[in-house]
Amino acid sequence: MSDDIRDNLHVLEPQPDSSILMPVIETRQLGKQYGPRVGIERVDLSVAEGEIFGFLGPNGAGKSTTIRLLLGFLKPTQGDALVFGHDSWKQSHILKREVGYLPGDVRLYPWLTVRRALSFVGAARGADLMDAGLALAERLSLEPDLIARKMSRGMRQKLAIIMVLAHAPRLIILDEPTSGLDPLVQLSLAQELRDRADKGSTVFFSSHTLNEVEQLCDRVAIVREGRIVADETLDDMRKKARRKVTIRFTDGEAVRGLDPPEFLTLIKREGDRWHAELDGEAGRLMQWLAGQSIRDLTIGPPDLETLFHAHYRTSEGTL
Amino acid sequence: MRGILMKIFREAWLATLLFSIAFLIVEILLNMILPLLLEQMGDMLDRLPFIKDFLGALLGIELEGEITAQIMQAFVWVHPVVLTLLWAHEIIFCTRFPAGEIDRGTIDILLGLPVSRRQVYFAHTIGWLASGLVIFGFGTIGYTLGSIDMPTENRPAFMSIIRVLMNLFCVYIAVGGLAFLCSSMCERRGKAIAIIFGLVLCSFLINFLAQFWPPAEPFAVLSVLNYYQPAIILKSGSLVFGDIAILLAVGVVGWTLGLEITARRSICTT
C-alpha cells in the first residue's frame with residue numbers, strides 16, 4: 001500500500017475524543033539544521049484553537065523555518081511538529097486541507113488572475129471558492145480579471161491572501177503578510193483575521209514588526225537565533241514591561257534624600273521631578289505615592305518595544 | 001490532482017503545440033529532402049567515401065553495399081534536429097517540478113495546497129507523457145504528409161514505422177526519467193537542464209564516435225542511443241526487445257528515484 005493511500009486511510013480513522021482539546025499546533029523539541037548552521041533548535045510551541053498567535057523575531061531568526069517545518073516543506077532534524085494532531089512531515093497533505101498558508105515574499109504564477117486563482121485552488125481543494133474569493137477581492141479592492149504579471153507587489157500580496165483565505169481554513173499561517181500592503185489594506189486584513197478568529201479559526205502570524213503583532217495578537221512567541229526566548233500572552237508581557245513615569249513632588253527639597261522603591265528605577269532627578277521606569281503595574285507605585293506629597297504624575301503605557309529589544313539583544317550586541 | 005493538471009495544461013500547452021508543429025514541419029521537410037539525397041547519394045559517396053561512415057554512425061549500423069531507400073527512411077527518425085526537438089521538449093517539461101517550481105519560488109503556493117509531492121509528481125508525469133504523445137502524433141502526421149509522393153516500393157511497412165516510433169518513445173521515456181531525477185536533486189532549474197542536456201549530448205557523441213573510433217566503443221553501452229536502432233527495425237521489420245527493455249528500465253529507474261527523492265527531500269526556497 002502506498003504512503004498516500006495509507007495516509008488517506010488514516011484521516012478516515014476516528015480521532016480520539018481528546019482531539020477536541022488538542023492544540024491546533026504543537027511542536028516538541030523541534031529543530032532543523034542546515035548542514036552546520038542551526039535553523040531552529042528545541043522549539044516548543046502550543047497554539048490553541050481560535051487563538052491569534054504572533055511569532056516575532058528579527059530577519060533570519062528562524063520564523064520561516066518553523067513555518068516550513070509546520071507545513072512539511074522541511075524535514076525536522078530533531079523533534080516533531082503536529083498540526084491538528086497530524087505529523088507535519090508525514091501527513092502534510094492531509095493537514096493542509098484545513099490550512100491556508102501565505103508565504104513570505106510570495107511568488108505567483110504570472111498567468112493568475114483572481115478568477116483563475118480561485119478556479120485553480122478550488123479544483124485542488126475540491127470546492128467551489130469563486131463566490132467567497134470574489135467577495136474577498138471586493139473587500140481588498142482587487143480587480144478580478146487583472147493578470148498577476150501586471151500587478152504591483154501589493155496587489156500580488158492581496159491575490160495571495162485571497163487564495164489563502166477563500167476556503168475558510170481552520171488554521172491560517174501568515175509569514176510576514178503585510179509587506180507591500182498599504183496601511184488601509186493592513187487594517188482590512190487585521191479585521192478579517194480578527195473576524196476569522198472570532199469564528200474559531202486559529203491564526204499563526206509571523207512578523208518582525210512589534211506594532212502589528214501588538215495590535216492583532218493574543219499571544220506572542222519571540223524567536224531569536226533559532227530559539228524561543230519568550231512565549232506569553234500580550235497581557236502578561238505588558239505586566240512585565242516597564243513604563244516611563246514622571247513624578248512631580250510638591251517639595252523638591254524634601255525629596256532630595258528620598259530613595260525610590262525597588263520597583264522604580266530612577267533615570268534622572270530634576271529638581272522636584274523624577275524621571276523613572278516602573279517595573280510592572282501601577283498599583284504598587286500608587287500605594288507608595290500615597291505616602292508622599294506629589295503635585296503631578298504621568299505614567300506611560302507599557303513599553304513593549306524596550307522589552308522586545310531586550311529579547312532581541314544578544315550577548316554581543318543588538319541583532 | 002485536477003487542479004494541478006489544469007495548471008500544467010495552462011502552462012505547457014503552448015510550448016507543446018510549438019514543439020509539435022516544429023516536429024511536424026521537420027518531418028515533412030526531411031521526407032521531401034530524402035528523395036533528392038538518395039538521387040545524389042551515389043555521386044556523393046564516390047567523391048566523399050567517408051560520408052558513408054558518418055551516415056552509418058548516425059543510423060547506428062554499418063552500411064555495407066548499396067544503401068536502400070527503405071534504410072534511408074531511418075534518417076528522418078534519427079536526424080539530430082528530430083532528437084533535439086524531442087529532448088528539448090521533455091527536458092523543459094520534466095524539470096518543471098520540483099526544480100522549476102523551487103527556482104521561481106512558486107512551490108510555496110503549490111505545496112500549500114492539500115496535495116502530496118507524489119501527486120504533483122504524478123501529475124507532471126501525466127502531462128509529460130500526454131504531451132509526448134501529442135508531439136509523436138504530430139511527427140507521425142508530418143512523416144505521412146511528407147511521404148505522400150514517395151514511390152510505394154520505397155515506402156516502409158506501416159508497422160515498421162510504428163515500431164520505430166515505439167523505439168523512439170522508449171528513448172523519450174529514458175531521457176524523461178533521467179530529467180525527472182536531475183530535477184529532483186536540484187534547486188535551480190537551469191542546473192537541472194544543464195546536467196541532463198550534458199548527459200544527452202554525451203550520449204549522442206559516444207554513440208556517434210563509437211561507430212568509427214575504437215576507444216569509444218566500450219562506452220557505447222552507456223548511451224541511450226545505443227538502444228535506438230530504426231535502421232535495423234526498418235531492415236528486419238521487428239523490434240529489438242532487449243533495447244526496449246533497457247530503455248524502459250533506465251526511464252523507470254530514473255523516474256522512481258526522482259519520485260522518492262522529491263517525496264523525501266526538504267524543500268526550501270530561501
Side-chain angles (χ1 to χ4, degrees), chain A residues 2-5 7-8 11 32-34 39 59-60 64-65 67-69 71-77 89-112 116-127 148 159-160 163-164 167 169 173 175, chain B residues 1-17 96-127 184-185 187-189 252 255-256 258-270:
Chain A
S2 78
D3 286 351
D4 282 352
I5 295 168
D7 291 346
N8 280 309
V11 80
K32 177 68 187 173
Q33 289 272 140
Y34 298 103
N59 293 330
S64 297
T65 296
I67 289 174
R68 286 164 184 282
L69 284 161
L71 290 161
F73 288 11
L74 299 175
K75 188 177 184 177
T77 45
W89 172 250
K90 291 177 186 154
Q91 296 170 304
S92 80
H93 65 290
I94 296 170
L95 65 89
K96 281 182 289 191
R97 288 176 195 160
E98 305 283 4
V99 176
Y101 164 54
L102 179 75
D105 187 23
V106 68
R107 305 281 176 87
L108 296 173
Y109 300 110
W111 46 268
L112 283 178
R116 285 176 187 169
L118 292 169
S119 164
F120 162 50
V121 175
R125 291 193 175 277
L159 174 52
M163 290 167 78
V164 167
H167 66 288
I173 298 181
D175 193 356
Chain B
M1 193 135 93
R2 193 168 63 88
I4 308 298
L5 285 170
M6 272 168 57
K7 180 196 91 72
I8 293 169
F9 176 77
R10 183 178 285 280
E11 290 185 337
W13 74 267
L14 184 61
T16 302
L17 184 66
R96 293 163 50 81
F97 180 79
E101 295 279 353
I102 296 173
D103 198 11
R104 59 179 172 163
T106 46
I107 197 141
D108 287 334
I109 291 287
L110 188 62
L111 293 186
L113 298 170
V115 286
S116 69
R117 297 180 194 185
R118 287 174 201 275
Q119 285 172 325
V120 181
Y121 195 90
F122 278 120
H124 279 85
T125 305
I126 291 169
S184 72
M185 293 189 291
E187 309 258 312
R188 294 276 170 263
R189 191 183 191 185
V252 169
W255 181 88
T256 309
L259 173 67
E260 289 308 311
I261 292 169
T262 301
R264 289 159 200 262
R265 64 174 289 188
S266 283
I267 286 180
C268 191
T269 49
T270 50

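Just so we're on the same page: letters track the sequence lines, and every chain starts at 1.
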Novice: Please check: side-chain N/O of A:K96 versus main-chain N/O of B:L111, any donor-acceptor pairing under 3.5 Å?
Specialist: yes

Novice: When only pairs under 4.5 Å are counted, which of A:R125, A:H167, A:E98 shares the most heavy-atom pairs with chain B?
Specialist: A:R125

Novice: Distance check, rounded to the nearest 0.5 Å: B:I267 atom CD1 versus A:L71 atom CG?
Specialist: 12.0 Å

Novice: Quick check: closest heavy atoms across B:T106 and A:L108, and the distance to 0.1 Å?
Specialist: CG2-C, 3.9 Å

Novice: Under 4.5 Å heavy-atom distance to chain A, tell me which part of B:R117 shows up: side chain, backbone, both or neither.
Specialist: side chain

Novice: If you compare all heavy atoms of A:A123 against all heavy atoms of B:G3, which two are closest, and at what distance to 0.1 Å?
Specialist: CB-CA, 3.5 Å

Novice: Which pair of non-hydrogen atoms, one from B:P114 and one from A:A124, has the smallest distance, and what is that distance?
Specialist: CG-O, 4.1 Å

Novice: Find the one option among A:F120, A:W89, A:Y34, A:W111 whose heavy-atom pairs under 4.5 Å with chain B are most numerous.
Specialist: A:W111

Novice: Which distance, rounded to the nearest 0.5 Å, do you find between the CZ of A:R107 and the CZ of B:R104?
Specialist: 11.5 Å

Novice: Which bit of A:V106 comes within less than 4.5 Å of chain B, counting heavy atoms only: side chain, backbone, both or neither?
Specialist: side chain

Novice: Check whether A:S119 gets within reach of chain B through its side chain, its backbone, both or neither, counting any heavy atom under 4.5 Å.
Specialist: both

Novice: Taking the side chain as C-beta and beyond, is there a heavy-atom pair between B:L110 and A:Y109 under 4.5 Å?
Specialist: yes

Novice: Check each atom of A:L74 against the heavy atoms of chain B and say whether the ones under 4.5 Å are side chain, backbone, both or neither.
Specialist: both

